[in-house]
Amino acid sequence: MKIKDAEIIALMQDPRTLEKGLRVLMDAYQSRLYWHIRRIIVDADLAQDTLQETFIKAYQNFHQFKNDSQLYTWLYRIATNEALQQINKLKKMQKTDEDPEYYMQNLVADNTEGDAEEIQILLQKAIQSLPEKQKLVFMMRYYDDLPYEEISKIVDMSVGTLKTNYHYAKQKIEEYIKENYER
């Protein structure tokens with residue numbers, strides 16, 4: 001039985017059922033949010049930590065949920081912000097040889113069997129090479145298949161700007177794969 005957002009919201013708004021509501025919220029959304037975060041961060045452990053931070057923020061700030069968007073949209077925005085904060089922390093700590101390209105090469109160094117797998121690896125490298133806004137928009141649209149209107153609410157950008165970012169991201173990814181694909 002799939003629980004509806006209205007039921008989760010009701011549980012979260014009642015102090016007597018708040019903790020139960022949090023457990024239900026986590027059960028309902030942890031997988032989708034984890035994979036969204038994981039595509040941004042890549043590292044599984046850090047993505048898991050960021051997911052936990054997302055749920056902590058949702059718990060602490062649930063009183064700010066205005067019910068003017070879907071619950072998932074609100075959570076997605078929190079997860080996105082948490083993931084971007086993690087990336088910013090990492091960038092401050094990184095040395096020059098630890099950029100995303102270097103990280104992705106080491107992450108997938110032993111997994112290059114077959115053309116399809118090679119293209120998937122190139123896709124991930126291409127995505128990691130995009131500017132942050134383009135990367136975020138591309139992942140939400142391509143992997144999560146979110147409509148531009150939902151993405152607009154999450155990242156607080158106009159639909160036109162999102163479409164432009166997605167278009168440029170697609171072009172850059174195609175160019176990256178064409179330039180780096182070896183048959």
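Nearest approach of G21 to I8, heavy atoms of both residues: O-CG2, 4.2 Å. Heavy-atom minimum distance, Q86 versus I41: CB-CD1, 3.9 Å. Contact record, V159 with S152: CG2-CB, 4.1 Å, taken as the closest heavy-atom pair. For the residue pair K153 and T73, the shortest heavy atom distance occurs at CB-CG2, 3.9 Å.
Looking at D5 and Y29, their side chains come closer than 4.5 Å, going by heavy atoms from C-beta outward. Between L25 and L11 there is no side-chain heavy-atom pair separated by less than 4.5 Å. Residues R77 and W74 have side chains not in contact (no heavy-atom distance under 4.5 Å, counting atoms from C-beta outward). Counting only heavy atoms from C-beta outward, the side chains of P131 and K172 approach each other to under 4.5 Å. At a threshold of 4.5 Å between non-hydrogen side-chain atoms, the residues W35 and L51 do not count as touching. Looking only at side-chain heavy atoms (C-beta outward), L146 and R141 stay at 4.5 Å or farther from each other.
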Could you pull out every donor-acceptor pair under 3.5 Å between side chains of residues 57-64 and any protein atom, sequence neighbours left out?
residue, atom, partner, partner atom, Å
K57, NZ, E82, OE2, 2.5
N61, ND2, K57, O, 2.9
H63, ND1, Q60, O, 3.4

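Summarising the geometry, atom CG belonging to L162 is positioned 11.5 Å from atom CD belonging to E150; distances are rounded to the nearest 0.5 Å. Expressed to the nearest 0.5 Å, how far OG1 of T80 lies from CG of L136 amounts to 5.5 Å. Between R38 atom CZ and Q48 atom CD the span is 10.0 Å, to the nearest 0.5 Å. Atom CG of L123 and atom CD1 of I173 lie 6.0 Å apart (nearest 0.5 Å). Between L22 atom CG and T17 atom OG1 the span is 11.0 Å, to the nearest 0.5 Å. Atom CD of residue Q30 and atom CD1 of residue I37 lie 11.0 Å apart, to the nearest 0.5 angstrom.
T164 and T161 form no side-chain donor-acceptor contact under 3.5 Å, judged by distance and modelled atom types alone.
Partners of Y148 under the ring pair (Phe, Tyr, Trp, His ring centres under 6.0 Å) rule, at least two apart in sequence or in another chain, do not exist in this structure. Applying the salt bridge (charged side-chain N to carboxylate O under 4.0 Å, His left out) test to E175 and every residue at least two apart in sequence or in another chain returns nothing. Looking at residues two or more places apart in sequence or on another chain, you find a salt bridge (charged side-chain N to carboxylate O under 4.0 Å, His left out) between R39 and D144. For R16, the salt bridge (charged side-chain N to carboxylate O under 4.0 Å, His left out) partners two or more places apart in sequence, or in a different chain, are D14. For F55, there are no ring pair (Phe, Tyr, Trp, His ring centres under 6.0 Å) partners at least two apart in sequence or on another chain.
Both Y143 and L75 belong to a common hydrophobic cluster when Ile, Leu, Val, Met, Phe, Trp and Tyr are linked at side-chain heavy-atom distances under 4.5 angstrom. No path of Ile, Leu, Val, Met, Phe, Trp and Tyr side chains, each step under 4.5 Å between heavy atoms, connects M12 with I56, placing them in separate hydrophobic clusters. When hydrophobic clusters are built by joining Ile, Leu, Val, Met, Phe, Trp and Tyr residues whose side-chain heavy atoms come closer than 4.5 Å, directly or via intermediates, M157 is grouped together with I78. Y72 and V24 fall within a single hydrophobic cluster, where Ile, Leu, Val, Met, Phe, Trp and Tyr side chains are chained together by heavy-atom contacts under 4.5 Å. M26 and Y34 end up in the same hydrophobic cluster when Ile, Leu, Val, Met, Phe, Trp and Tyr side chains are linked at under 4.5 Å.
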Starting from the C-alpha separation in whole Å, work towards a yes-or-no answer on side-chain contact (heavy atoms from CB on, under 4.5 Å) for M139 and H36.
-> CA-CA 8 Å; M139 289 189 300; H36 168 64; 5.6 Å; no
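Using cut-offs of 30° and 60° on the angle between ring planes, the pair F138 and Y166 is parallel.
Dense packing is recorded around CD of Q85, with more than 12 heavy atoms of other residues, nucleotides or ligands lying under 6.0 Å away. The environment of OH in Y142 is sparse: at most 12 heavy-atom neighbours from other residues, nucleotides or ligands sit within 6.0 Å.
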